[in-house]
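What follows is one structure encoded as structure tokens, with my remarks underneath.
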Amino acid sequence: MAAVDCIVKLGGSALTHKDQLETLRAGAVQKAAALVAKLHGAGERRCIVVHGAGSFGHFQAKQHAVACGSSTGSAVSPRLRQGLCLTRLSVTKLTHLVTDQLVRSGVPAVSISVVIQLKPFGTWKTTLKNVSQAGIDTVKDVLDSGYVPVLHGDCALDLEQHCCILSGDTIIEILAQKFSPRRVVFLTDVSGIYSCPPDKPG
Ligand code: IPE
């Protein structure tokens, strides 16, 4: 498989005001897109962008406990289904805005979602929250065709608990294993990588 130059993670907290429902930090999105455009323009053509959800998706997911899914063997509640629908609507709004800015900045960006990809249904799946099937072929096809795939933290269909939340960081872990990029760059609103939110004690 041809090497990937770079995977860029745009953190949800950097792109959005995390405590205000569906509120974009437009300036931050512009800056991040300009940076990806610069990388791409400098010859890093095989580049993958992954972004978080921030205030798009987290509220809906929390309200409907989408991350917990449904207990094995029990019927999926209409409330959980609605939560998954609302969470997806919200994260796909953000990915539209991010991809729009990337394209305006000159990056040939194409958005790929986890639940419903370019192919009709769910090529990324989890089993008890662990990725058991990853849509690598779609990402590879998009890259090989000369486009920059844009993926994002998303809901995934789970073989045991109906659904769960798949974070952008987990997606990156899988992509890094499969594509062995020369580097992975994390753009965040904090100066480092933390094991829990840096404003929380410990
Ligand atoms: C969460 O994705 C996806 C949801 C549907 C809630 P991430 O975990 O990658 O998002 P951030 O970076 O923490 O906002």
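Heavy atoms only: backbone and side chains are in, while hydrogens, waters and symmetry mates are out. Remember, it's 1-based here, ligands and their atoms both numbered in the order they're listed. Residue numbers run from 1 in the order of the sequence given.
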* To do: Check the hydrophobic clustering (I, L, V, M, F, W, Y; side-chain heavy atoms under 4.5 Å; chains of links allowed) and say if Y147 and L35 are grouped together.
  =>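 Unlinked, Y147 and L35 end up in two clusters.
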* **Side-chain donor-acceptor pair present, Q60, S90, cut-off under 3.5 Å** =>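 Their side chains do contain a donor-acceptor pair, which is all the 3.5 Å distance test asks for.
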* Asked: Does any N or O in the side chain of R46 come within less than 3.5 Å of the main-chain N or O of A3, such that one atom is a donor and the other an acceptor?
  ->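 Checked: pair present.
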* Asked: Between the side chain of S55 and the main-chain N/O of H17, is any donor-acceptor distance below 3.5 Å?
  ->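 Yes, S55 side chain to H17 backbone: donor-acceptor pair under 3.5 Å.
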* Have a look at K140 and tell me which of D144, T138, D137 forms a side chain to side chain donor-acceptor pair (under 3.5 Å) with it. =>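 That would be D144.
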* How long is the span from the CZ atom in R182 to the SG atom in C47, to the nearest 0.5 Å? ->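 Separation between the atoms: 10.5 Å.
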Show the distances, to 0.1 Å, for all pairs joining an N/O atom of ligand 1 and a protein N/O atom that are shorter than 3.5 Å, listing one pair per line.
unit_1   : atom_1 : unit_2 : atom_2 : d
ligand 1 : 9 (O)  : G168   : N      : 2.7
ligand 1 : 10 (O) : A53    : N      : 2.9
ligand 1 : 10 (O) : H58    : NE2    : 3.4
ligand 1 : 12 (O) : G12    : N      : 3.1
ligand 1 : 13 (O) : H58    : NE2    : 3.4
ligand 1 : 14 (O) : A53    : N      : 3.2
ligand 1 : 14 (O) : G54    : N      : 2.7
ligand 1 : 14 (O) : H58    : NE2    : 3.2

